[in-house]
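One structure is given here, and the rest of the page talks about it.
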Amino acid sequence: MSVYAYVILAAALLPAVVLMVIMLIRDKERPEPPRLLLKGVLFGILSVFVSLTISTPLSALTGTLDNYSTFFGAMWNAFALAAIPEECAKLFCLWLLLRKNPYFDEHLDGIVYAVCVGLGFAAFENVMYVFQAGEDWAATALLRGVLSVPAHFFFAVLMGYYYSLVHFGHHPRRNAVWVLFAPILAHGIFDTIAMSQEVSEGMEGLLAVALLLFCNELRKLCKRHISDLQAADDHYNRNPFQ
């Protein structure tokens, strides 16, 4: 592989690496074993192919994979062919990672492992998109680096947050629904706004602003979720017998 290709690869991977480092810094008090973090990233890559086993037959059946001619077409693609299969695949891989994991002993761990899976997915997907962009690889890497990859990070935080609540017995029946519903809803809305830019003439600027505002709201929500689980862990570590 040429030096030029390595530069493109680095640009595609950098956003996921930066977000991973930020998450690991938040978990620096009791970090997870590196081998399990790497396993989580590999499971995230695996989830790309798992999601394709769901979305590919569905798109062939409906024939709407490339139908962005209407808002409802964009919404169908966003939810049925992206958000639902991708988040289901990520959750399945997260479950495989955590079902017999003895190190899943703190609330924040659920988010850490979910982020590993989510960023593994996002990194692999980003590499494909950036390399397929040809001469526009730099613009693609920049745009996806500030929107799409962070979005997958936010979806993962939502999934990990509710996964931890269920695991540690916080209203498990109610939160079990949100483990999957929350990331699907966030992912679907994100993709619907992004895909609608291609079919809404004259509204591209407005939709771009809406996408940025939505991402900012997700960022603030996920920041609160991370802080909430850190507070829960601090309380438990101070009062282990309560």
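Computed from a predicted model, the values in this text were never measured in an experiment. Note that these values count all heavy atoms, side chains included, but never hydrogens, waters or copies made by symmetry.
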Next on the checklist: Is there a continuous path of hydrophobic side-chain contacts, each under 4.5 Å between heavy atoms, that joins Y161 to F92?
Outcome noted: yes

Checklist entry - Is it the case that more than 12 heavy atoms not belonging to F79 sit under 6.0 Å from its CZ atom? => result yes

Item to check | Qualifying ring-ring contact (aromatic ring centres under 6.0 Å, His included) pairs with a residue from residues 32-61, counting only residues at least two apart or across chains | outcome: F49-F124

Item to check | Residues L180, C88; criterion side-chain contact (heavy atoms from CB on, under 4.5 Å); working and verdict | outcome: CA-CA 7 Å; L180 188 57; C88 285; 3.9 Å; yes

Checklist entry - Hey, what do you get for NZ (K223) to CZ (R26), rounding to the nearest 0.5 Å? => result 7.5 Å

Next on the checklist: How close do P102 and D105 get, counting heavy atoms only, and between which atoms?
Outcome noted: O-CB, 4.4 Å

Checklist entry - Taking N216 for the side chain and L212 for the main chain, is one N or O donor matched with an acceptor at less than 3.5 Å? => result no

Next on the checklist: Does atom NE2 (H171) have a neighbourhood of more than 12 heavy atoms from anything else shown, all under 6.0 Å?
Outcome noted: no

Checklist entry - When you look at F154 and F190, which way does the side-chain contact (heavy atoms from CB on, under 4.5 Å) test go after all the steps? => result CA-CA 11 Å; F154 299 145; F190 176 90; over 6 Å; no

Checklist entry - For K100, what residues pass the salt bridge (charged side-chain N to carboxylate O under 4.0 Å, His left out) criterion, not counting sequence neighbours? => result none

Next on the checklist: Do I45 and L97 sit in one hydrophobic cluster, given that two such residues count as connected whenever their side-chain heavy atoms are within less than 4.5 Å of each other, even indirectly?
Outcome noted: no

Item to check | Nearest-0.5 Å distance, CG of residue D233 to CG of residue D27 | outcome: 8.5 Å

Hey, can you pull the donor-acceptor pairs under 3.5 Å for the side chains in residues 7-18, sequence neighbours left out?
none

Checklist entry - Between atom CD1 of I189 and atom CG of L211, what is the distance when rounded to the nearest 0.5 Å? => result 11.5 Å

Next on the checklist: Can you confirm whether R99 is buried at CZ, in the sense that more than 12 heavy atoms of other residues, nucleotides or ligands lie under 6.0 Å from that atom?
Outcome noted: yes

Next on the checklist: For residues V48 and Y129: do they belong to one hydrophobic cluster (side chain heavy atoms under 4.5 Å, members Ile, Leu, Val, Met, Phe, Trp, Tyr)?
Outcome noted: no

Checklist entry - Is there a side-chain contact (heavy atoms from CB on, under 4.5 Å) between M20 and V41 once you walk through the steps? => result CA-CA 10 Å; M20 180 70 74; V41 173; 3.7 Å; yes

Checklist entry - Could you walk me through whether L165 and Y162 pass the side-chain contact (heavy atoms from CB on, under 4.5 Å) check? => result CA-CA 5 Å; L165 293 183; Y162 288 106; 4.1 Å; yes

Item to check | For E217, salt bridge (charged side-chain N to carboxylate O under 4.0 Å, His left out) partners two or more places apart | outcome: K220

Checklist entry - Is atom OH of Y4 surrounded by more than 12 heavy atoms (other residues, nucleotides or ligands) closer than 6.0 Å? => result yes

Item to check | Any M23 side-chain heavy atom under 4.5 Å of L108 side chain | outcome: yes

Checklist entry - Residues two or more places apart in sequence or in another chain: which of them pass salt bridge (charged side-chain N to carboxylate O under 4.0 Å, His left out) with R144? => result E125

Checklist entry - For the residue pair A78 and T192, what are the closest heavy atoms and their distance? => result CB-OG1, 3.3 Å

Table please: side-chain donor-acceptor pairs of residues 115-122 below 3.5 Å, with sequence neighbours left out.
none

Checklist entry - By ring pair (Phe, Tyr, Trp, His ring centres under 6.0 Å), which residues pair with F104, not counting sequence neighbours? => result H167, F168

Checklist entry - Can you name the residues that form a ring pair (Phe, Tyr, Trp, His ring centres under 6.0 Å) with F181, not counting sequence neighbours? => result W178

Checklist outcome for this item: Residue pairs meeting side chain to side chain donor-acceptor pair (under 3.5 Å), one or both in residues 80-89, sequence neighbours left out, come to E86-H187, E87-K90, E87-H187

Checklist outcome for this item: Heavy atoms of L229 and S164 approach each other most closely as CD1-CB, 4.0 Å

Item to check | Listed once per pair and sorted, the side chain to side chain donor-acceptor pair (under 3.5 Å) pairs that draw on residues 41-54, sequence neighbours left out | outcome: none

Checklist outcome for this item: Residue pairs passing the ring-ring contact (aromatic ring centres under 6.0 Å, His included) test with at least one member in residues 15-42, sequence neighbours excluded, are none

Next on the checklist: Can you tell me how far apart CG (L221) and CD1 (I226) are? Round to the nearest 0.5 Å.
Outcome noted: 10.0 Å

Item to check | Pairs satisfying side chain to side chain donor-acceptor pair (under 3.5 Å), at least one member in residues 110-123, at least two apart | outcome: E32-Y113, N101-Y113

Checklist entry - For the hydrophobic clusters of this structure (ILVMFWY residues joined by side-chain heavy atoms under 4.5 Å, transitively), does one cluster hold both L37 and V21? => result no

Item to check | Connected via hydrophobic side-chain network under 4.5 Å: L158 and F214 | outcome: yes

Checklist entry - Atom CG of L36 and atom OH of Y103: how far apart are they, to the nearest 0.5 Å? => result 7.0 Å

Checklist entry - How long is the gap from CG on L81 to OG1 on T56, to the nearest 0.5 Å? => result 9.5 Å

